[in-house]
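To keep things clear, I will list the structure first and then write my remarks on it.
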Amino acid sequence: MRERENILDEVFAHFLKGSRIFKNREVLRHDYVPDNLPHRREEILRLGEITAPALKGSPCSNVLIYGKTGTGKTAVVKFVLNKLAQKAEEVGSPVKVCFVNCRLAGTEYRVLAALCSSINVKVPFTGLAVGEIFDRFRKNLESQGIIFIVALDEIDALIKIRGDELLYELTRINEGLNQSKVSIIGISNDLKFKDLLDPRVLSTLSEEEMVFKPYTADELQDILMERAKIAFYDGVLSEGALKLCAALAASEHGDARRALDLLRVAGEIAERKGDRRITEEHVREAQERIEHDQVYESIKSLPTHSKLVLLSVYLINKMDPDRCFTGDIYNLYLEICEQMGISPLTQRRVSGLINELDVMGLLNSRIVSLGRYGRTKKIGLGVSRRIIMDVFSEDDRFRYIISYKPKSISLRQNDS
DNA sequence: CGTCCACAGGAATGACGGGCGG
DNA sequence: CCGCCCGTCATTCCTGTGGACG
């Protein structure tokens, strides 16, 4: 405990002294929109052309934008809309823009509330029917006579949970408006998201479509370079470190978000160690830490029975990795349940849980046939034993189980 | 060459909880 | 506020199957 405090003291001291690494850490956050977006010139121009008619008071086409995470969709849309709003103010066009993240908003109501507040309509946080708030939105829009451009980010998240009703209403809203027009920019991470939409909505919404391709390693390098200039002091970032960040992120579907995370975490690690330069070594460590944190969180947030299954695999794996079949796991799982006074699930269900863990990458399973001795699944751990120990030793309910001695397994071993 | 093991994994059904319309 | 509906999780019952063994 005392050691921890000392470590913290050091961190605080560093912080108070002022960073020797970071000039401006903010620009490495992924919600930051830079002034310059390398390698997205085409996309910016295209979106600019699509939305430009709004400046002359005519409505613009609806747009649907796809692309995986970290391909610059959000940044490009925010960038273009900001410029557009600026220009509109300059020339006195009645253009209003609104950017909503649907996943963060969570419900139709809150999306609509965001739209309302962007045209200066006050609505209560909650309490109104969705239809009511929609009417208010429409009435005020009409009376103000504006060209309204709505960007709905992570629109797939809202559709998956709530259905496409809101989108349907929004695409039809122009029919009842004379003075005003609404245009929609939909942004989706999911390429198959179109399948979830009502064809009528889809045809209205996708008057224009844009697909954002993943960045290549070289492109990522340019992006990182731009940000690094602002984020770090001169000479802090080694070229090798930057290249490695780009390469690692490129191998992971060209995710700029990941690349920036790597750079930021590498910087934090260097800072904490008191080093003056960010090296490839720091980046590797950052990669491990990000990876570790993700796995750690995913295990920690598992439902109880999934944890118990994982724990069973862990224990068997520790004793005898060659004997890790579904039946063995289930027996041990039953034992542990009894130990902990938890009523166990059926084998069918546990088999399903094993599959879920397999999909998550926490387990590796493959079907094997033992001929005369049946057909089953051989299961291994997908992550290091260390990290599983870390998670479970933090949890009071499980702490004592990690050193549990399986009865059924040792018995069977004695048999043979 | 058929048998039969030890499961895989599909289908139907039930229990539960949370949101929604009236 | 209540009943209703829907989605999720779990159980039950089921059919399917690769290959060593006899």
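Lettering of chains follows the sequences in order, A, B, ..., and the numbering in each one begins at 1.
Side-chain atoms of A/Ser58 come within 3.5 Å of backbone atoms of A/Pro53 as a donor-acceptor pair (strictly under, hydrogens ignored). With hydrogens and angles disregarded, a donor-acceptor distance shorter than 3.5 Å links the side chain of A/Asn82 to the backbone of A/Lys78.
With A/Arg385 as reference, A/Leu381 is the one residue of A/Val383, A/Leu381, A/Ile387 to meet the side-chain contact (heavy atoms from CB on, under 4.5 Å) rule.
Between the P atom of B/dA15 and the CG atom of A/Leu345 lies a distance of 16 Å, rounded to the nearest Å. Rounded to an integer number of Å, the gap from A/Asn331 CG to B/dA6 C1' is 12 Å. As rounded to whole Å, 19 Å separates atom P of B/dA6 from atom CZ of A/Arg366. Straight-line distance from the OH atom of A/Tyr330 to the C1' atom of B/dA6: 14 Å, rounded to whole Å. In this entry the distance linking CD1 of A/Ile329 with P of B/dA6 reads 16 Å, nearest Å. A/Arg348 has its CZ atom 16 Å from the P atom of B/dT13, to the nearest Å. Atom CG of A/Leu353 and atom P of B/dG9 are 14 Å apart (whole Å). Rounded to whole angstrom, the span from the CZ atom of A/Arg349 across to the P atom of C/dC14 amounts to 21 Å.
If you check residues 367-378 of chain A against DNA chain B, the residues with a heavy atom closer than 4.0 Å are A/Ile367, A/Gly371, A/Arg372, A/Tyr373, A/Gly374, A/Arg375, A/Thr376, A/Lys377, listed by number.
Taking side-chain N and O atoms only, A/Thr346 has no distance below 4.0 Å to OP1 or OP2 of C/dA10. Between A/Asn355 and B/dG9, a side-chain N or O to OP1/OP2 separation shorter than 4.0 Å is present. Note on A/Ser351: every side-chain N or O is 4.0 Å or more away from OP1 and OP2 of B/dC7.
Judged by the 6.0 Å distance and 45° axis criteria, A/Lys73 is not positioned over the aromatic ring of A/Tyr66.
Between A/Phe148 and A/Phe137, the distance from one ring center to the other falls under 6.0 angstrom.
Using cut-offs of 30° and 60° for the angle between ring planes, the A/Tyr333 and A/His305 rings count as tilted.
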*Give the intermediate values and the outcome of salt bridge (Lys or Arg N to Asp or Glu O under 4.0 Å) for residues A/Lys243 and A/Glu280.*
CA-CA 9 Å; A/Lys243 284 194 167 153; A/Glu280 290 172 51; over 6 Å; no
